[in-house]
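Have a look at the structure below, then the notes.
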Amino acid sequence: LEHAVGPERFTGSRHPGRGGVDDPTTWNKAASGAIPAGPSYPAGMRSSSLALGSFLLAAGVAGGAFGAHGLRGHLSPESLALWDTAIRYLWVGGLGLALVGLAAQARPVRLHSSAAACLLVGTLVFSGTVAAIALGGPRWLGAVTPVGGVLLIVGFVLLGATSLRR
């Protein structure tokens, strides 16, 4: 029989001392984290997503300041607009990744790791290629940019899907 007690899942007998749901020692082990909750978002990834999201946000603030104070006057208005777009999506991805970390702390599910991966890679690809083009990089990078955009969209859809899971 499979029983659910809070967020923890147990499989086993109903007899005390055999690790079943009615065994108080099992409850204590579950409360201490000694018994894993089953397939879920890895604990280390919860704090990693929040940390990585925060670092992307910090990079967005620094990049915005660099664009406003260091690049203005050195780039064309079109290139500055591209730089602003790169920074905006760095913020969007950073916020999304931080939300994944917070959501995973509240209720971890497997989709959180997929959402985090899509958001991180999508942000780096999208913002990175747009920023590179703004700074004079090869225009063919524009062909890679939509891959980052699609990954961002998928990451946010996966994050939304995790909130629908019961």
Side-chain angles (χ1 to χ4, degrees), residues 6-9 30-138 140-166:
E8 309 299 332
R9 298 193 76 64
S32 72
I35 295 177
S40 66
Y41 190 68
M45 289 293 291
R46 295 177 208 164
S47 57
S48 296
S49 294
L50 183 56
L52 286 171
S54 298
F55 295 146
L56 288 178
L57 289 166
V61 171
F66 179 64
H69 302 290
L71 295 179
R72 204 160 306 277
H74 297 284
L75 296 179
S76 69
E78 178 187 83
S79 292
L80 279 175
L82 285 172
W83 182 263
D84 287 342
T85 298
I87 297 306
R88 184 178 323 113
Y89 281 89
L90 191 62
W91 269 81
V92 167
L95 285 171
L97 204 51
L99 281 173
V100 169
L102 293 173
Q105 287 178 358
R107 193 182 76 207
V109 295
R110 278 188 179 175
L111 283 180
H112 284 132
S113 59
S114 298
C118 288
L119 288 168
L120 178 61
V121 173
T123 300
L124 295 176
V125 169
F126 187 91
S127 292
T129 57
V130 173
I133 293 169
L135 296 174
W140 62 262
L141 287 173
V144 178
T145 303
V147 173
V150 168
L151 286 171
L152 280 166
I153 292 166
V154 169
F156 280 111
V157 168
L158 290 173
L159 177 57
T162 64
S163 68
L164 298 175
R165 296 189 88 180
R166 303 249 175 220

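Bear in mind the structure is a predicted one, so any value in this text is a computation, not a measurement.
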(request) Show your reasoning for whether side chain to side chain contact (heavy atoms under 4.5 Å, CB included) applies to Val130 and Tyr89. (result) CA-CA 10 Å; Val130 173; Tyr89 281 89; over 6 Å; no
(request) Check step by step if side chain to side chain contact (heavy atoms under 4.5 Å, CB included) holds for Leu56 and Leu124. (result) CA-CA 9 Å; Leu56 288 178; Leu124 295 176; 4.2 Å; yes
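Under the rule for a side chain to side chain contact (heavy atoms under 4.5 Å, CB included), the partners of Ala134 that lie at least two apart in sequence or sit in another chain are Leu82, Trp83. In terms of the side chain to side chain contact (heavy atoms under 4.5 Å, CB included) criterion, residue partners of Pro138 (sequence neighbours excluded) are, by chain and number, Trp140, Leu141. Under the side chain to side chain contact (heavy atoms under 4.5 Å, CB included) criterion, Leu75 pairs with Leu71, Ser79, Leu80, Leu135, not counting sequence neighbours.
When all heavy atoms of Gly155 and Ala115 are compared, the pair lying nearest together is O-CB, 3.6 Å. For the pair Ala103 and His112, the tightest heavy-atom approach, listed with the atom from each and the gap, is CB-NE2, 3.5 Å. Pairing each heavy atom of Thr123 with each of Gly93, the nearest pair is OG1-CA, 3.0 Å. Ser49 and Val100 get closest at one heavy-atom pair: OG-CG1, 4.2 Å. Gly160 and Ser163 make their closest contact through O-OG, 2.6 Å (heavy atoms, listed as atom of the first residue, atom of the second, distance).
Here Ser54 contributes atom OG and Leu95 contributes atom CG; the two are 9.5 Å apart, rounded to the nearest 0.5 Å. Note that CD of Glu78 is 10.0 Å distant from CD1 of Ile133, once rounded to the nearest 0.5 Å. To the nearest 0.5 Å, atoms CD1 (Ile153) and CG (Leu119) are separated by 11.0 Å. Note that SG of Cys118 is 11.0 Å distant from CG of Leu159, once rounded to the nearest 0.5 Å. Distance check: Phe55 CZ to Leu50 CG gives 9.5 Å after rounding to the nearest 0.5 Å. Between the OG1 atom of Thr85 and the CG atom of Leu90 there is a distance of 12.0 Å, given to the nearest 0.5 Å.
Inter-residue side-chain proximity for Val125 and Thr145 is flagged as unmet; no heavy-atom pair is nearer than 4.5 Å. Taking 4.5 Å as the limit, every side-chain heavy atom of Phe66 sits out of range of all side-chain heavy atoms of Ile87. For the pair Leu97 and Leu57, the minimum side-chain heavy-atom distance is 4.5 Å or more.
Counting heavy atoms of neighbouring residues, nucleotides and ligands inside a 6.0 Å radius, atom CZ of Phe126 exceeds 12 of them.
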